Amino acid sequence: MDTTYYDHGTPAARWERARMFFDARDYAAAARVLDGLVAEVPEQTGPRLLLARSYYHSAQLRRAEAELRIVVERDPVEQYARLMLGRTLERQGRQDEADAQLRIASALAGDFAGL
């Protein structure tokens with residue numbers, strides 16, 4: 001597959017292109033752009049989270065889980081990544097694992113009522 005369009009331009013231009021695809025709900029195209037961008041700037045959380053969200057919305061749940069686990073490993077208090085990881089595990093039918101992540105996400109958000 002020719003990925004020239006998806007890989008073309010500066011990182012900032014590709015970030016904007018990925019966001020446009022995501023906003024247009026073309027999650028698979030957003031993931032194609034973001035995959036290269038994340039490989040180029042692996043330390044940045046924003047592109048990796050959007051890649052995980054793109055995978056999630058295009059039902060590539062194992063890929064979403066892998067990206068979210070990287071974010072959580074690097075930043076254990078990243079509340080949104082914990083929430084997304086919990087939702088991703090739920091969609092895979094792994095409720096016990098999901099519940100643990102969702103409890104942590106709630107605690108990080110300051111919602112102690114549900115704990």
Side-chain angles (χ1 to χ4, degrees):
M1 174 171 77
D2 184 15
T3 61
T4 305
Y5 174 73
Y6 300 105
D7 296 333
H8 179 73
T10 65
R14 285 180 283 146
W15 171 250
E16 287 305 313
R17 186 176 310 123
R19 290 182 54 92
M20 286 180 8
F21 280 129
F22 189 87
D23 291 344
R25 296 183 179 182
D26 188 346
Y27 304 116
R32 283 193 293 273
V33 175
L34 289 161
D35 189 52
L37 186 58
V38 165
E40 189 174 324
V41 289
E43 71 284 354
Q44 291 188 10
T45 300
R48 191 175 299 277
L49 273 177
L50 192 59
L51 176 59
R53 291 176 65 200
S54 297
Y55 284 150
Y56 177 86
H57 288 298
S58 60
Q60 298 179 65
L61 301 177
R62 295 237 183 248
R63 288 180 171 177
E65 178 186 351
E67 296 301 328
L68 291 164
R69 288 196 184 277
I70 290 169
V71 172
V72 167
E73 181 179 304
R74 291 181 181 170
D75 186 0
V77 296
E78 170 54 63
Q79 187 267 338
Y80 187 72
R82 294 275 185 182
L83 175 65
M84 280 295 303
L85 181 55
R87 297 287 180 237
T88 300
L89 293 167
E90 276 183 332
R91 282 186 65 187
Q92 294 180 69
R94 295 160 59 192
Q95 195 61 51
D96 289 343
E97 291 175 80
D99 288 344
Q101 295 299 324
L102 295 172
R103 278 193 301 276
I104 294 168
S106 290
L108 290 171
D111 178 15
F112 298 103
L115 299 178

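Values in this document were obtained by computation on a predicted structure and should not be read as measured data.
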So [Y] and [X], do their side chains get closer than 4.5 Å, heavy atoms only?
{"X": "D75", "Y": "T45", "value": "no"}
{"X": "Y55", "Y": "L61", "value": "no"}
{"X": "L49", "Y": "L68", "value": "yes"}
{"X": "V71", "Y": "M84", "value": "no"}
{"X": "Q92", "Y": "R62", "value": "yes"}
{"X": "R74", "Y": "R48", "value": "yes"}

>> Could you check whether any side-chain N or O of R14 sits under 3.5 Å from a backbone N or O of G9, counting only pairs where one atom can act as donor and the other as acceptor?
In response: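 Confirmed, R14 side chain pairs with G9 backbone.
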>> Treating R82 as the side-chain partner and P76 as the backbone partner, does any N or O pair qualify as donor plus acceptor under 3.5 Å?
In response: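 Yes, the answer is positive, given that a donor and an acceptor are paired below the 3.5 Å cut-off.
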>> Just to verify, what does R91 make a salt bridge (charged side-chain N to carboxylate O under 4.0 Å, His left out) with, not counting sequence neighbours?
In response: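 So R91 forms no salt bridge (charged side-chain N to carboxylate O under 4.0 Å, His left out) with any residue.
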> Can you name the residues that form a salt bridge (charged side-chain N to carboxylate O under 4.0 Å, His left out) with E78, not counting sequence neighbours?
Replying inline: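 Partners of E78 under the salt bridge (charged side-chain N to carboxylate O under 4.0 Å, His left out) test: none.
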> Can you get from L50 to V41 by hopping between Ile, Leu, Val, Met, Phe, Trp and Tyr side chains that sit under 4.5 Å apart?
Replying inline: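 Linked within one cluster.
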> Any link between Y56 and Y80 through a network of hydrophobic side chains (Ile, Leu, Val, Met, Phe, Trp, Tyr) touching at under 4.5 Å?
Replying inline: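 Yes, same cluster.
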Could you give the distance from [atom1] ([X]) to [atom2] ([Y]), rounded to the nearest 0.5 Å?
{"X": "L34", "Y": "R17", "atom1": "CG", "atom2": "CZ", "result": "10.5 Å"}
{"X": "L89", "Y": "E65", "atom1": "CG", "atom2": "CD", "result": "5.0 Å"}
{"X": "L83", "Y": "S106", "atom1": "CG", "atom2": "OG", "result": "8.0 Å"}

To check you understand the geometry: which heavy-atom pair defines the closest contact between [X] and [Y], and what is its length?
{"X": "A98", "Y": "G86", "answer": "CB-O, 3.3 Å"}
{"X": "L51", "Y": "V38", "answer": "CD2-CG2, 3.9 Å"}
{"X": "A105", "Y": "Q79", "answer": "O-CG, 3.3 Å"}
{"X": "A52", "Y": "A64", "answer": "O-CB, 3.5 Å"}
{"X": "S58", "Y": "Q60", "answer": "OG-NE2, 2.9 Å"}
{"X": "V33", "Y": "A18", "answer": "CG1-CB, 3.8 Å"}

>> Ring centroids only, cut at 6.0 angstrom: are Y27 and F22 within range, meaning strictly under it?
In response: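 Distance test on ring centres: under 6.0 Å, yes.
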> Taking 4.0 angstrom as the limit, do E67 and R63 come out as a salt bridge?
Replying inline: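 Salt bridge absent between E67 and R63.
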>> Within the supplied structure, the quantity of interest is the number of heavy atoms (other residues, nucleotides, ligands) at a distance under 6.0 Å from E73 CD; does it exceed 12?
In response: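 Not buried by this count: 12 neighbours or fewer within 6.0 Å.
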>> For D23, I'd like to know if atom CG has over 12 heavy atoms of other residues, nucleotides or ligands within 6.0 Å.
In response: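 Yes.
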> Taking only residues two or more places apart in sequence or in another chain, which ones pass side-chain hydrogen bond (donor to acceptor under 3.5 Å, both in side chains) with R19?
Replying inline: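 Applying side-chain hydrogen bond (donor to acceptor under 3.5 Å, both in side chains) to R19 gives none.
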